[in-house]
Amino acid sequence: MPTSQVLDELLRQLRPRVCQDADPDPQTLIDWLGRQLGAEIALVDRAGKVEVSTARLAPDILAGLQPVLTQLSSGQMAAAASQVGVVHVRCEALGRQVPRPVLVVGSPLPLTREALALASHIGAMIEVLRRVRQADDLALRYQQAATRLRLAVFTALMAGEVTLARRMTAGAVPPLLDAERLRIHLLRCPPSDRGRLIDAYQDASGYHGRGLMVRCPVYDHHLICLLPVDHDGDSVDGGLAAPLRSLVRDNPHYALGISAPVPLPATAQAYDQARHALAVAGHTPERVADYHGQPPLAGLLPRQQALAWARAFLEPIREAPRLTLDITSLALNFPRSGVARLLDISRNTVTAHLTRAQDALGLNLQDPRSRAELALALAITDLPPPDNNAVTEHLPTPAVDSLLSTEAAITWAHAFLQPLQPGTDRTVHQTLRAWIEAGTDAQRTAQTLGISRTTVRAHLRTAEQFLRRSLQTPGPGTHDLVHAFRIADRAP
């Protein structure tokens, strides 16, 4: 067969697998070469074992070639011709990395020059395909490592550990960490789109210009985008903010919640704000919403008295293992399955740690009121200490209700609940009350009110729009609602 026809036939062998984005199989090439040459072929790998071969290759042929194969694999020779019995054998080492694989061709008749050239071409092709596959594997491992590093940086920022985030990047510090403040853009999109979007905006360093895009480890449909801002609160990410808005405009299944600018150590606060904004965005025609909320309740309470209460409240778990404290804190903001995924532990382990914490505290962490009280205590202890910290140690421990009876707390609660005051749909207010009493269980709420669970969820969505808070997932939105009702019920 003329050389051009042989090459056309070879391309026909390769084209179907390439079109299917599959690696060409060395076995396919070896079998095709054997048919073309009327010979038996073997590919001996770097360890000296047969990787693939034609069906009728006699084992004793390779056994008689062991000294030659060793020399070829070690780089002492590039090719060798030999004869084992009546079989004419041609061996050629592939590639340059020692030890090298070896292509062995055995034929009852001496091979022509054209046959030898074709065998050499096929050997070179196999080696090229092997390198391409290795390059693909390396690229995949790089992407996986970059993904883990971005998540680690985000996790450190969520814990307020900016220095730790810098240290764990081992000299390749993302530009985001040089900023003083950031916003979080929380994009809701189909889970399958997240990887594509991350790759589209990723630069050679594995980051996203001056920003950072991270798959949410808890919610599969969330893409977390951290963007630095300047002193005026405008984005300086160099091109991510505008494309994110464009993505939402062009995709009806997308929505975007944007936090207020915060210092880097307050990344967790920005994330909560973005979650609230995202809950609102889903109810707007543009499907984009900026966070417009009040200051957190914890920062409005009398600082020294609040810290005295919080420390006394948390005293039973002060000596608990660090993992127990971390799990307890995370479980106030995410479902237990999400905490398990985030920490790469089982749900049973999460439950065991939460049981230890709630038993020590004397709480029922299934009750949203207990969860809200614990979240408030943790938020207070996370604030910077008061100036006169020594005095705090000698203050009597106040009751939480006295803290929540201050003028600042009452003003906060009234402002929080104002969108639900007369003039709005009172059924939403009633549903929220019943929903809290039912432990935020929509089915139990529906039974209590004599309505459907679908109606309960519709009322919750309406409340999210009124209050500009996320309520249908565990987190600070529900805690704020509990505190607001508690304060309003006791206010004069």
Side-chain angles (χ1 to χ4, degrees), residues 1-140:
M1 182 183 297
T3 301
S4 61
Q5 295 183 16
V6 172
L7 294 178
D8 286 344
E9 174 64 22
L10 175 59
L11 290 175
R12 281 195 292 271
Q13 293 289 324
L14 297 175
R15 187 176 296 114
R17 297 188 64 84
V18 172
C19 292
Q20 297 170 9
D21 198 24
D23 290 335
D25 183 8
Q27 183 69 61
T28 300
L29 294 174
I30 292 297
D31 289 340
W32 178 85
L33 180 62
R35 292 193 300 270
Q36 294 297 318
L37 303 183
E40 300 301 324
I41 318 290
L43 179 62
V44 181
D45 65 18
R46 302 179 192 278
K49 298 180 180 180
V50 176
E51 181 177 338
V52 293
S53 68
T54 51
R56 293 181 297 176
L57 180 71
D60 58 334
I61 293 179
L62 295 177
L65 293 172
Q66 282 305 315
V68 175
L69 293 176
T70 299
Q71 289 180 305
L72 289 166
S73 180
S74 64
Q76 299 177 45
M77 296 188 299
S82 182
Q83 186 168 347
V84 179
V86 297
V87 179
H88 298 269
V89 181
R90 166 77 175 185
C91 302
E92 182 175 348
L94 307 179
R96 292 175 296 179
Q97 183 179 352
V98 176
R100 302 182 294 182
V102 178
L103 182 68
V104 178
V105 181
S107 172
L109 297 175
L111 294 173
T112 65
R113 181 178 301 176
E114 291 78 9
L116 291 174
L118 180 60
S120 182
H121 290 330
I122 293 297
M125 182 176 294
I126 290 174
E127 181 61 19
V128 168
L129 292 173
R130 190 194 307 275
R131 291 184 186 180
V132 170
R133 189 160 51 245
Q134 290 174 345
D136 286 345
D137 291 342
L138 286 173
L140 177 59

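- Taking CD1 of I122 as the reference point, atom CG of L94 lies at 11.0 Å (rounded to 0.5 Å).
- With values rounded to the nearest 0.5 angstrom, Q27 atom CD is found 8.0 Å from T54 atom OG1.
- Atom CD of Q97 sits about 8.5 Å away from atom CD of E127, to the nearest 0.5 Å.
- Scanning all heavy atoms of the two residues, the minimum distance from E51 to R130 falls at OE1-NH1, 3.4 Å.
- Of the possible donor and acceptor atoms, none in the side chain of E92 sits under 3.5 Å from a partner among the backbone N and O of V104.
- No donor-acceptor pair closer than 3.5 Å links the side chain of S120 to the backbone N or O of L116.
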Stepwise side chain to side chain contact (heavy atoms under 4.5 Å, CB included) test for L129 and L29 = CA-CA 11 Å; L129 292 173; L29 294 174; 3.8 Å; yes
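- Taking every heavy atom of both residues into account, R46 and P99 meet most closely at NH1-O, 2.7 Å.
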N/O donor-acceptor pairs under 3.5 Å from side chains in residues 75-90, not counting sequence neighbours:
from, atom 1, to, atom 2, distance (Å)
Q76, NE2, S74, OG, 3.0
Q83, NE2, G85, O, 3.1

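- Closest approach of P26 to R133, counting heavy atoms only: CG-NH2, 4.5 Å.
- Across I126 and L43, no two heavy atoms sit closer than the pair CG2-CD2, 3.9 Å.
- Counting all heavy atoms, side chain and backbone alike, L57 lies closest to A42 at CD2-CB, 3.3 Å.
- Minimum interatomic distance between S73 and V98 (heavy atoms only, all atoms of both residues): O-CG1, 3.7 Å.
- Taking CD1 of I41 as the reference point, atom CG of L33 lies at 4.5 Å (rounded to 0.5 Å).
- Not counting sequence neighbours, the partners of R56 by the salt bridge (Lys or Arg N to Asp or Glu O under 4.0 Å) test are E40.
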